[in-house]
Number of protein chains: 2
Amino acid sequence: MRFSMARKLSTLDPQRLDNQICFAVYSAAHAFNRVYKPLLDRLGLTYPQYLVMLVLWERDDVPVKDIGEKLFLDSGTLTPLLKRLEAAHLVKRTRSSEDERQVLIALTPQGHALKEKARSVPQSILAASDCSVAELVAMKDEIVALRDRLNAVIGE
Amino acid sequence: MRFSMARKLSTLDPQRLDNQICFAVYSAAHAFNRVYKPLLDRLGLTYPQYLVMLVLWERDDVPVKDIGEKLFLDSGTLTPLLKRLEAAHLVKRTRSSEDERQVLIALTPQGHALKEKARSVPQSILAASDCSVAELVAMKDEIVALRDRLNAVIGE
DNA sequence: ACGCATTCAATTGCGAACAATTAAATGTGA
DNA sequence: TCACATTTAATTGTTCGCAATTGAATGCGT
């Protein structure tokens, strides 16, 4: 009786680490990062750089702001990251002639070519997840919905 | 026909940003961080510091390594973080006398007292999640299971 | 046309996160 | 006991992530 009470209380205590969904998400993000690392090392990319490349492989020659909106990142993060990608000869940064405030990010031939080398990455992640595609899609949709509700509160 | 084909292909393309569960987790973690920030600012804590305090509020006077195992963090992250908590007079760091390699982390009276001030934080997060407790618990369990499978692959 | 707000990227400063290395303490086997 | 491996934190260097600020370009209202 005393034990079951104690157990019940602890599994409901919202101040306990293992009850917090945020820590689950936080620690899962790090776990993903560690799985990605050896795969992305072969491409010479970090995970955030890989995200930027994913955006650019879908649509090229976009302003920094567009990349930021898709990845929920600001210029303080993206400017130095994009300069590193430029130093690696994967992208070119040019001021837009129509709007001199914007910097357009375009892929170099090497940047385009890297897409092929990166083709096997998602499959490796899927394997590491040890989970059916359907389950992962369902989880992804739930997490995205939660994220969007959180972001809505921030804009409030 | 052409349109439905294109749509079907894009929703299955594993190289598309919006199809990647990892980006969902990554961006959700940042969204959580942004929701936590104003709450934790009032406590003078960052989110990782808050996690360390959650661990210490459950059990005090533990070596750095134990904290690292619970949070999946290493000394490269924890040592400077704990020094900042010490500078804020929330914890004390002392070498263990039984094993001089270990540094034991203990709460100061202020560190203990902060637990009360932090009591309302989980409730605020729950409200921002705009989601039932049961749903959050289910999601948390799924994400933890995924994280543990990923971590198992890393140890391989 | 003028003043003024807005937009966009860059910059600065701080706090993670992690790889790789170092150094000291401890444990183990011969 | 002594050599050697292991454990534990600390340190160094690189890259994110974000708040806050700056500065230039653009848009808008009068």
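Throughout, protein chains are lettered first and strands after them, A, B, ... in sequence-line order, and every chain is numbered starting at 1.
When each of A:Ser75 and A:Ala31 is assigned the nucleotide of DNA chain C with its nearest heavy atom, A:Ser75 is the one assigned upstream, toward the 5' end. For B:Pro80 and A:Leu82, each mapped to the nucleotide of DNA chain C holding its nearest heavy atom, the one lying further toward the 5' end belongs to A:Leu82. Toward the 5′ end of DNA chain D lies the nearest nucleotide of B:Glu69, the other residue of the pair B:Glu69 and B:Lys83 mapping further downstream.
Here the side chains of A:Leu85 and A:Met53 are in contact, with some heavy-atom distance below 4.5 Å. Side-chain contact between B:Leu54 and A:Arg16 is absent, with no heavy-atom pair separated by less than 4.5 Å.
Within residues 49-65 of chain A, the residues having any heavy atom closer than 4.0 Å to DNA chain D are, in order of number, A:Gln49. The stretch residues 91-104 of chain B comes close to DNA chain D through B:Arg93, B:Arg95, B:Arg101, B:Gln102, B:Val103, each having a heavy atom under 4.0 Å from the strand.
Heavy-atom contacts from other residues, nucleotides or ligands closer than 6.0 Å to NZ of B:Lys92 number 12 or fewer. Other residues, nucleotides and ligands contribute at most 12 non-hydrogen atoms within 6.0 Å of the NE2 atom of A:His89.
Using a 4.0 Å heavy-atom distance criterion, A:Leu73 is classed as a sugar-phosphate-only contact. The residue B:Thr77 sits close to a base: some heavy atom pair falls under 4.0 Å.
For residues 23-32 of chain B, there are no salt bridge (Lys or Arg N to Asp or Glu O under 4.0 Å) pairs, not counting sequence neighbours.
Using a 4.5 Å cut-off between side-chain heavy atoms of Ile, Leu, Val, Met, Phe, Trp and Tyr, with links allowed through other members, B:Val144 and B:Leu71 fall into different hydrophobic clusters.
Of all heavy-atom pairs between A:Val55 and A:Lys70, the closest is CG1-CD, 4.1 Å.
No side-chain donor-acceptor contact under 3.5 Å links A:Gln123 and A:Ser120.
Read 5' to 3', the first and last nucleotides of DNA chain C with an atom closer than 4.0 Å to a heavy atom of chain B are C:dG15 to C:dT26.
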Less than 3.5 Å apart, which donor and acceptor atoms pair up between the side chains of residues 20-32 of chain A and the rest of the protein, not counting sequence neighbours?
unit_1, atom_1, unit_2, atom_2, d
A:Gln20, OE1, B:Tyr36, OH, 3.2
A:Gln20, NE2, A:Pro14, O, 2.9
A:Ser27, OG, A:Phe23, O, 2.7
A:Ser27, OG, A:Ala24, O, 3.2
A:Ser27, OG, B:Arg147, NH1, 2.8

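Under the rule for a salt bridge (Lys or Arg N to Asp or Glu O under 4.0 Å), the partners of A:Arg119 that lie at least two apart in sequence or sit in another chain are A:Glu116.
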